[in-house]
Amino acid sequence: MVQAIEEQVRLTSQWMDQTALDPRVIKAMGTVPRHQFVPEEYRRLAYWNHPLPIGDKQTISQPYIVALMTHLAEPDPEDVVLEVGTGSGYQAAVLAQLAKQVYTIEIIPELGRQATERLRRLGLDNIEVRIGDGYYGWEEHAPFDAIVVTAAPEQIPPRLIEQLKPGGVLVIPVGRDFQQLMQVKKGSGEKIETRRLIPVKFVPLTGEH
């Protein structure tokens, strides 16, 4: 799986302007057991570089995309990170290898409960799961060093920008039918710098917004 990720990074280097990901991200991808985050009937496919269904019309993202979004979030060991769209908990588990604390929000109650139990079973005690609408972030734990959104809104939610620390990074797919992966950096004085990266396909970010 890791070799497939590294090869796809090379293949997409014309858009990303880089030929390799942070070695810490690659190590995390090799550490987290992806088969624990997919339904049993798909476990034989767990280490293929493809998205897979997890129920409730949701998917676990392609490993390359998980690795890329983690890399773009630029997590450091003392960082507090927010994830919007827990799903099976896989992206949160990868982020938890690299950051001090991960807060993650899932709008589908059953997926949120399953992810909570799964992450607890795997001993990932630096992840806290909340069931709710992630469009408005998690103000109680803001500001965040990084925010990773794993479902696509039609536009960047303003509250997420507000909940970034100065110097913080937001990684998010944006668009309705076809999306663009974006990296948003918040500078000093509330200055925002946005990079449009590769085309992606995510489930919509649902909720009351």
Side-chain angles (χ1 to χ4, degrees), residues 54-61 65-66 69-70 72-76 79-96 98-119 124 126-197 200-209:
I54 58 171
D56 288 284
K57 299 181 180 179
Q58 305 299 301
T59 60
I60 181 174
S61 292
I65 293 294
V66 173
M69 294 179 76
T70 304
L72 292 169
E74 304 175 3
D76 285 327
D79 281 358
V80 177
V81 179
L82 173 66
E83 181 200 22
V84 176
T86 313
S88 67
Y90 182 62
Q91 175 73 79
V94 173
L95 288 165
L98 303 167
K100 181 179 181 180
Q101 179 69 42
V102 177
Y103 294 99
T104 180
I105 307 173
E106 174 55 53
I107 199 168
I108 299 173
E110 185 57 26
L111 289 181
R113 287 190 288 268
Q114 290 174 4
T116 300
E117 174 56 34
R118 183 177 297 116
L119 295 166
L124 295 169
N126 63 332
I127 303 175
E128 183 176 337
V129 181
R130 188 183 93 184
I131 295 170
D133 187 348
Y135 185 87
Y136 301 101
W138 197 337
E139 192 168 0
E140 298 94 315
H141 297 296
F144 300 100
D145 297 284
I147 300 176
V148 176
V149 182
T150 59
E154 294 184 28
Q155 59 185 9
I156 298 173
R159 291 280 186 87
L160 298 186
I161 297 289
E162 291 171 8
Q163 291 177 27
L164 274 180
K165 287 182 181 179
V169 182
L170 167 65
V171 182
I172 184 170
V174 179
R176 175 180 274 180
D177 299 317
F178 298 95
Q179 300 119 24
Q180 200 84 16
L181 186 62
M182 301 176 70
Q183 183 193 53
V184 182
K185 292 189 174 184
K186 187 176 187 177
S188 58
E190 303 296 308
K191 182 180 178 181
I192 302 299
E193 176 186 327
T194 301
R195 291 176 64 200
R196 293 179 177 272
L197 303 167
V200 289
K201 185 65 175 175
F202 278 81
V203 297
L205 182 65
T206 57
E208 296 182 4
H209 52 263

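Everything numeric in this text was worked out from a predicted model, so none of it was measured.
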request  = Specify the closest pair of heavy atoms between G87 and A115, including all atoms of both residues, with the distance to one decimal.
outcome  = O-CB, 3.7 Å

query = Which atom pair, heavy atoms only, marks the closest approach of P157 to I172?
reply = CD-CD1, 3.7 Å

remark   = Across all chains, not counting sequence neighbours, the side-chain contact (heavy atoms from CB on, under 4.5 Å) partners of I161 are I156, L170, V184, I192

query = Which pairs, with at least one residue in residues 81-96 and sequence neighbours excluded, count as a side chain to side chain donor-acceptor pair (under 3.5 Å)?
reply = T70-Q91, E83-T104, T86-T104

request  = Could you tell me which residues satisfy side-chain contact (heavy atoms from CB on, under 4.5 Å) with A96, sequence neighbours excluded, listed by chain and number?
outcome  = V102, N126, I127

request  = Taking the side chain as every heavy atom from C-beta outward, state whether E128 and H141 have any pair of such atoms under 4.5 Å apart.
outcome  = yes

remark   = Across all chains, not counting sequence neighbours, the side-chain hydrogen bond (donor to acceptor under 3.5 Å, both in side chains) partners of Q114 are E110

key: Non-neighbouring partners of P158 that pass side-chain contact (heavy atoms from CB on, under 4.5 Å), sequence neighbours left out   = Y135

remark   = Correct closest heavy-atom pair for V66 and S61 would be CG2-CB, 3.7 Å

Smallest separation among heavy atoms of F144 and W138, with atom names = CZ-O, 3.4 Å

ask   = Nearest 0.5 Å, what's the CD1-CZ distance between I107 and R130?
value = 10.0 Å

message = For a quick test of reading the model, state the closest non-hydrogen atom pair linking V129 to G112 and the distance between them.
response = CG1-O, 3.9 Å

request  = Verify the neighbour count for atom CZ of R113: are there more than 12 heavy atoms of other residues, nucleotides or ligands below 6.0 Å?
outcome  = yes

query = Rounded to the nearest 0.5 Å, how far apart are CG of L205 and CD of Q179?
reply = 10.5 Å

message = Consider side chain to side chain contact (heavy atoms under 4.5 Å, CB included). Of T150, I147, V149, L181, which one does V171 pass it with?
response = L181

inquiry  = In the structure I gave you, are the side-chain heavy atoms of I105 and L82 within less than 4.5 Å of one another anywhere?
reply    = yes

request  = Under the side-chain hydrogen bond (donor to acceptor under 3.5 Å, both in side chains) rule, collect the residues that match up with Q180, sequence neighbours excluded.
outcome  = none

request  = For residues 147-173, pull every pair meeting salt bridge (charged side-chain N to carboxylate O under 4.0 Å, His left out), keeping only residues two or more places apart or in separate chains.
outcome  = D145-K165, E154-R176

key: Pairing residues for Q58 by the side-chain contact (heavy atoms from CB on, under 4.5 Å) criterion, not counting sequence neighbours   = I54, D56, I108, L111, V203

query = What pairs of residues pass the ring-ring contact (aromatic ring centres under 6.0 Å, His included) test when at least one of them lies in residues 159-195, not counting sequence neighbours?
reply = none

message = Restricting to non-hydrogen atoms, name the atom on A151 and the atom on P173 that form the minimum distance, rounded to 0.1 Å.
response = O-CG, 3.7 Å

request  = Tell me, yes or no, whether the heavy-atom count around Q155 atom CD, taken from other residues, nucleotides or ligands under 6.0 Å, exceeds 12.
outcome  = no

query = Would you say the side-chain atoms of Q183 pair up with the backbone N or O of L72, donor to acceptor, closer than 3.5 Å?
reply = yes

message = Using the salt bridge (charged side-chain N to carboxylate O under 4.0 Å, His left out) criterion, which residues pair with R195? Sequence neighbours excluded.
response = none

